[in-house]
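Keep in mind that the numbers below use all heavy atoms, side chains included, and drop hydrogens, waters and symmetry copies. Below, read A as the first sequence line, B as the second, and so on, with proteins coming before strands; counting in each chain starts at 1.
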There are 2 protein chains.
Amino acid sequence: MTALVPDLEKMRDCTSCPIRHKAVCAKCEPDELQRLEEIKYYRTFAPGQTIIWAGDRMEFVASVVSGVAALTQTLEDGRRQMVGLLLPSDFVGRPGREVAKFDVTAIAETTLCCFRRKPFEKMLEETPNVSQRLLEMALDELDAAREWMLLLGRKTAREKIASLISIIARRATINERVYSEAVSVDLPLTREAMSDYLGLTLETVSRQISALKKDGVIGLKGNRHVVIPDMRLLLAETGDDDDGGALL
Amino acid sequence: MTALVPDLEKMRDCTSCPIRHKAVCAKCEPDELQRLEEIKYYRTFAPGQTIIWAGDRMEFVASVVSGVAALTQTLEDGRRQMVGLLLPSDFVGRPGREVAKFDVTAIAETTLCCFRRKPFEKMLEETPNVSQRLLEMALDELDAAREWMLLLGRKTAREKIASLISIIARRATINERVYSEAVSVDLPLTREAMSDYLGLTLETVSRQISALKKDGVIGLKGNRHVVIPDMRLLLAETGDDDDGGALL
DNA sequence: TTGTTGTTTTGATCCGCATCAAAGCGGCGC
DNA sequence: GCGCCGCTTTGATGCGGATCAAAACAACAA
């Protein structure tokens, strides 16, 4: 999952770029940046607002500037599964796709930097830099999706919650890397969004969070703020092999 | 899921290419093909044999020539989840990755066309054609992974089985497109492999296949061969929205 | 303050699937 | 033929998480 948020630090450093995201511009040449500049515009969405409906014609691709959004799919009877979590620097949309395949919804207030799709695709064909960067990002997302599949298919409710919290904690503490010391993290998701992410009901999410709290694995400060006294305790609850961190 | 097998017909047509796979060579120039030719070699694996262990150093990337292989992940206590199903023309390995992140295992006898990793990566940097094709493939796989996540997170055992059979049937009948007429398909997977794919136990897989048979949704000819009297009946069991096919 | 609305927690019950166990059923070598 | 082995089916039982229901809580407007 870490892959969904590449390197926030470097992203911020990319000030010469009109888009301001490592997502797209990391290796861009000045003239390429100029062309991106010409086809970009910003849009902001309120929490709960749908950004794109599955089946919509795609007018743009975009890069998340701030906020949190989710890719979701639903079955005919309304059962819903989140299939992508979009955070700042993540890419939205697929070059070459006319019609959206998934719903995209803002979870918190979210700002996108959009690029008109047609000219963006035209540019892609001419600038290997950008398509190579997109390949890298797609492969990172694929890795994340596969970890997520293991979680959905084989983990218990308790392991799922522990995994989600450790994922969020890990990216909140990128560049810090101080294990074995208390960490406190904001959960950017409601209980319902967590249940959509984890393939559970929101009641089960609530119960398991309470259980982890009772067992001293996590502490709660309000509903949306978690304190982790010892990251190793939490990681021991995820069910993952211990060397998982080493492989990232 | 169809994305995992691009266009087998075209793949076969690609006879001028030394690799013989649309996977890599579709748009290659003659000199690029020559370079690929120089770094390729073939390897064949027996059913059940592990091709790559997670944690291994990657010596090659490869394209599946024939057979079936699986990407799998395991939790510390041995619970196992398939996270990728590799069929002819699919790509194995990730450019830029030193160390494998998933186990790769041959399910049936499988032949790979391997490319030494370092020179392949070097070539990638110089040939936009190839990296653009890889981007396309990665995005297809990402779509497939997301459908798979919906299956793992929200579908019932019966829906999972119906989905898997319809996925296999659909790609077996690519280019035919004769709905509402009996189709018969070979299952290239053991019950155990199906359970790894679906996040179930093999007993549940067996029971649900029997149930679908009893209800007349499918017929069985031996253990590994399925007859589908009416594809629409099967699709009605998958839980998916009806327009799923249209979006592909 | 009080009512309203949305989120979260907690409780009681039920069911789908896992688990444990054993019995069919090929295929293959002897 | 025989026995052996791997795969598959079938059966009995138990548990984890879904479901249904209601209470607790926080944010906010009147």
Parallel, tilted or perpendicular, as decided by the 30° and 60° cut-offs, for the rings of Phe60(A) and Tyr41(A): perpendicular
Heavy atoms only, 4.0 Å cut-off, all strands: where does Arg79(A) land among base, sugar-phosphate and nothing? nothing
Tell me whether the side-chain N/O atoms of Arg224(B) come closer than 4.0 Å to OP1 or OP2 in dT8(D). yes
Between CD of Glu192(A) and C1' of dG6(C) the distance, given in whole Å, is 11 Å
Rounded distance in Å - CE (Met194(A)) to P (dT7(C)): 13 Å
Arg146(B) side chain to Glu141(B) backbone, donor-acceptor under 3.5 Å: no
Nucleotide-resolved protein contact map, nucleotides 15-26 of chain C, B/S/- at heavy-atom distance under 4.0 Å: --SSBB------
To the nearest angstrom, the CG-P distance between Leu202(B) and dT10(D) comes to 13 Å
Between dT9(D) (P) and Lys214(B) (NZ): distance, integer Å: 15 Å
Could Arg80(B) and Asp103(B) be called an ion pair, given the rule that one side-chain N must be under 4.0 Å from one carboxylate O? no
Touch check for Ser206(B), heavy atoms < 4.0 angstrom, all strands: base, sugar-phosphate only, or nothing? base
Tell me: CZ of Arg191(B) to P of dT10(D), nearest whole Å? 10 Å
Could you check whether Lys221(B) and Ser184(B), counting side-chain N and O atoms only, form a donor-acceptor pair closer than 3.5 Å? no
By side chain to side chain donor-acceptor pair (under 3.5 Å) - contacts of Asp186(A) (at least two apart): His225(A)
Between dG17(D) (P) and Leu151(A) (CG): distance, integer Å: 12 Å
Leu220(A) atom CG is separated from dA24(D) atom P, nearest whole Å, by 19 Å
Contacts of Asp215(A) meeting salt bridge (Lys or Arg N to Asp or Glu O under 4.0 Å) (sequence neighbours excluded), chain-then-number -> Arg158(A)
CH2 on Trp148(A) to CG on Leu164(A), rounded to 0.5 Å: 9.0 Å
Output the rounded distance in Å from CD1 (Ile209(A)) to P (dT7(C)). 15 Å
